[in-house]
Amino acid sequence: MQIASAGTVASIVGRSGEQSRLRRLLADAKEGHGRALVLRGEAGIGKTTLVDHAAAMAGGFRVLRAAGVESEAEIPFAGLQVLLAPLADGSGDAFGGLPDSHARALRAAFGTVTAPTDPLMAGAATLMLLSELAERAPLLVLLDDAHWFDRSSAAALLFAVRRLSSDPVATILTARDGDRPFPADGIESVTLSRLDGASAAQLLAARRTLPHDVAARVLRESGGNPLAIVELAVGQPADVPPAPAGVLPAPVAPLPAAGRLEEHFRGRLRALPEPTRWALLLAAADHRSELAAFTAAGGAFGVGVADLEPAEVRELVRVSSGRLEFRHPLIRAAAYQDVPIGRRLAAHRALAAVIDDGDRRAWHLAAAAAGADEAVAAALDDAAERASTRGAPAAASQALERAATLSGDRPARARRLVGAARTAYDAGELDRAESLAAAAAAAVVSLDEPTGGRARAVVAERAGQAAEAGWVRAQVAYERDSPTRAAELAIEAAAPILTIDPARATAVLTEASWCARDAADPALLARCAVLLARVPPGPAVEVRDALAAFTTLLSSGSTPTTARTMRTLLHATRDGRITGAVERLTGGFVGLLVGDDETALATLSALAAALRDQGAIGWLPYANEPLALAYLVSGRFREAEVTVAEATTLAGELGQHLQVTVLRSIAAWLAAVRGDAAGCGRLAAQVRADTRGHRVAEALATWALAVTDLARAEPAAALDRLEEAGRGPVRRDVLVRARPDHIDAAVRVGERERARELLAELGSWAARTASPVASALELRCAAILDDGPSARDRFEESLRLDGCGPYDRARTRLAYGEWLRRHRSPTAARTQLAEALAMFDRIAAHAWTPRAEAELDALGVRPTGQPPPEPRRAVRLTPQELQVVRLAAQGQTNREIAAQLFLSPRTVGHHLYKAYPKLGVARRAELGRLDL
């Protein structure tokens, strides 16, 4: 790390627009508005030149810089280590000042501890570290050749820089477009074009005066690539012999600039003495290129440091601070590739013999292997295990895939392919995961029939491997294809192992059940129920039984024991007897289906808190979905809004695109009840436009539109929508909560017979669940349909029952007040309507405010045109501001809040700064007195 000083900044030909963008980037960072920029383009186009230019302009900035290295692209957290290593500054552990979970994640990334951690927790820790560093001086982070960063480092760094918008941090990344793409969604990107004719001529003239015909040839052959112009013009320095024929390409049809440059560099390298070429090969084979390792390995090649001198003189390499660096990656590529393969293998063997780092050694051994080598494969197995424990599943997957290619033992190859597929999925590399899973399945099928005393155990092991491969394919299909396809694949994977491996079968069938539920496919749900019934009882018996009940309920309706079985899992989850994340999520969700809202909410809240404490960032969008639904059905709309907003942001950053669609369906419902018809329509349209067939999300979005229709007195439109949404299994899912709206719409358009049918379904739900919530809703709907003298008793009984949240109680009071006004009980009507209106205002259910006000106006309570009451102050906050303010009101510091919400402390402070005037407070101490 260094503190950049202001100095003379060299001009760059033909890049004035890009230089302006870099100046704005640095100026914004100085003002506390962090931004990131990706510079993209082909080799030699000038990306690194612009990065150097930014560093030269960054007077007063602290500068952290790292470059991706091809040979370390599979070493877990190699790039992050290079970037953050200077922070230690000889003082030992640089992370001791971070929160414990963050420090543990970075120590695991650096390999100083063995601590299982979420892959993205290193990103949250990097965010915190960079933010705190930027408190002392503006920070410039330079990440060159980001496409060669190992996947774990890239994921961590992208997570961090996306969340530094309120910090004085400027980040510049460079990436070469090609076979190894570098996606950076949400980050500004600019692709550098080749220089136009005038700029190319200007650059050439600044470098060297050449005869007109030679200059024209250089310009033609370089194709506007700046590095090609420089290299072809300057050639070799004047104090060494001239370059051999062929350095300037023959005047043939143009080739891509990168190809021309590689040929150019090969020509220059071939002119070097042979010992120098072998020395450069050794240096190129391990781009970390410490001189100590080079010197130690050089003995096997008969070369040493002195042999590098001719390459130094020609400015192909430079040696400083104990490291050897190639001037450009293409020089390294030429030095490595333009030699016989036997020499390359020997170079890797020589390096493996002297390198202590287990991961680098394993990869050098793999690079040196010319065929199957079980010992090297085992070394890669060990590297994969280390990567997994450090939260680097992408590196683990690469190691296992390479180990599989080196496996002389076919069963070991199959096992490694299965592991590579699973870890690729865990890393979010869906294409690789699908390909590896297919290869793994084929490898397992091709194995010989086992014999001998262990035959049964081997059969079980292989069946489990095939199921695991199928499970991975199902999980990929959920995002790529549809929940229907995912359910089909998961059912196919689970069927052969029901009795062989009950635990794994239950886990795979859990996946299948959720996917079949999302698809709202009764046939798939029925198949899940049949298979679950065949799984022998075991440690996960509550999960198995509840899933069987859940799938039976959705596919064909309830049995006498359905609700009891589902409630058993809910209580086991609440009491801590169920520990797996998916199982706890299932337990909480089924609680909503049996109308035990408070227990479900407590269970799902505890799960989300536990995942947050563990830093399980990738899990939060999935856990927050049922938690948001629990908040929704219990009338805690602001909490639901906060939960959905955070989950949607995370899901988008993590590439969980179908989950974004699901969360939008909840957001659409919240917009509807808030009275934001336009927002509801926009979100619902996005959900309904998704072609992957998440039927539950589609139905929830359609219900949201119906709420808007119903609230603005368009019951016919609402009825049509609810008829559409309430078909098939989804009507017994979360949309059982739409039944009161459905009945209300049917009654208002005079479809009383349809309303009675719907009331019977609602009564069935109340009877089988024995839920006070369900009973209260049934009583309200029966009163609306009855409209006779007995309606009063039903309304009163509904309001006496415990369990309903404030929204449902307010809806009941609104309906009761309407009935009382129609039946000439104005005093009682005013009481019910006023309480309903107050509750709608309190929970921001503004869609229903006009209806309540119209009823009160009819009673003469409020003159027409009277302004609505002032909303709660907390309602004015954005979801993230409210999240921050509530934690601050509990006494948590900015740093503690940042750690919990995976933000920077400065971003937390920014949210508080914006929230105080909205809340009418001036100090943090006043927050505790507010109703938030």
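Sequence positions, counted from 1, serve as the residue numbers for this chain. Everything numeric here is computed off the predicted structure, so don't read it as measured data. Just the heavy atoms: all of them, side chains too, but no hydrogens, waters or symmetry mates, feed the values below.
Residues Leu901 and Val908 fail the side-chain proximity criterion, which asks for heavy atoms closer than 4.5 Å. Side-chain contact between Leu877 and Leu919 is present, with at least one heavy-atom pair separated by less than 4.5 Å. Taking the side chain as every heavy atom from C-beta outward, Thr603 and Leu607 never approach each other to under 4.5 Å.
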Query - Intermediate values then yes/no, side chain to side chain contact (heavy atoms under 4.5 Å, CB included), Leu87 and Leu64 - result: CA-CA 9 Å; Leu87 299 182; Leu64 288 178; 4.1 Å; yes
Report task. Please report the C-alpha distance between Glu881 and Arg886 in whole Å, then the side-chain angles of each, then the deciding distance to 0.1 Å, and finally whether the salt bridge (Lys or Arg N to Asp or Glu O under 4.0 Å) criterion is met. Result -> CA-CA 9 Å; Glu881 287 169 358; Arg886 283 176 169 169; over 6 Å; no
Report task. Dump the intermediate steps for ring-ring contact (aromatic ring centres under 6.0 Å, His included) on Phe95 and Phe110, then the final yes or no. Result -> CA-CA 11 Å; Phe95 314 129; Phe110 272 60; 5.1 Å; yes
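The distance from atom OG of Ser101 to atom CD of Gln614, rounded to the nearest 0.5 Å, is 10.5 Å. If you take CZ on Phe77 and CG on Leu83, they are separated by 13.0 Å, rounding to the nearest 0.5 Å. Here the CG-CD1 distance, from Leu140 to Ile172, works out to 5.5 Å after rounding to the nearest 0.5 Å. The structure places CD of Glu639 at 9.5 Å from OG of Ser605, a figure rounded to the nearest 0.5 Å. Rounded to the nearest 0.5 Å, atoms CD (Glu135) and CZ (Arg906) are 5.5 Å apart. Here the CG atom belonging to Leu25 is positioned 6.0 Å from the CG atom belonging to Leu37, to the nearest 0.5 angstrom.
The backbone N or O of Gly679 lies less than 3.5 Å from a partner atom in the side chain of Asp676, making a donor-acceptor pair. Counting only distance, with no hydrogens or angles, the side chain of Glu896 and the backbone of Gln892 share no donor-acceptor pair below 3.5 Å. A donor-acceptor pair is defined here as one N or O able to donate and one able to accept, closer than 3.5 Å; such a pair exists between the side chain of Arg390 and the backbone of Ala109. Checking side-chain atoms of His846 against main-chain N and O of Thr849 turns up no donor-acceptor pair under 3.5 Å.
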Please tabulate, one pair per line, all N/O donor-acceptor pairs under 3.5 Å involving side-chain atoms of residues 26-34, not counting sequence neighbours.
from	atom 1	to	atom 2	distance (Å)
Asp28	OD2	Arg35	NE	3.0
Asp28	OD2	Arg35	NH2	3.2

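No hydrogens or angles considered: a donor-acceptor pair under 3.5 Å links the side chains of Arg40 and Ser189. In the model, Thr49 has no side-chain atom that pairs as donor or acceptor with a side-chain atom of Asp52 under 3.5 Å. In summary, the side chains of Ser634 and Arg636 do present a donor paired with an acceptor at a separation below 3.5 Å, with no hydrogens or angles considered. Looking at Ser20 and Arg23, their side chains do bring a donor and an acceptor atom within 3.5 Å of each other. Glu646 and Gln880 share no donor-acceptor pair across their side chains, judged by distance under 3.5 Å alone. Using modelled atom types, one finds a donor on one side chain and an acceptor on the other under 3.5 Å when comparing Ser904 with Asp167.
Applying the ring-ring contact (aromatic ring centres under 6.0 Å, His included) test to Phe159 and every residue at least two apart in sequence or in another chain returns nothing.
Lys47 and Glu18 are not joined by a salt bridge, as no carboxylate oxygen comes within less than 4.0 angstrom of a charged side-chain nitrogen.
Counting only residues at least two apart or in different chains, ring-ring contact (aromatic ring centres under 6.0 Å, His included) contacts with residues 612-659 comprise Phe637-Trp669, Phe637-Tyr807.
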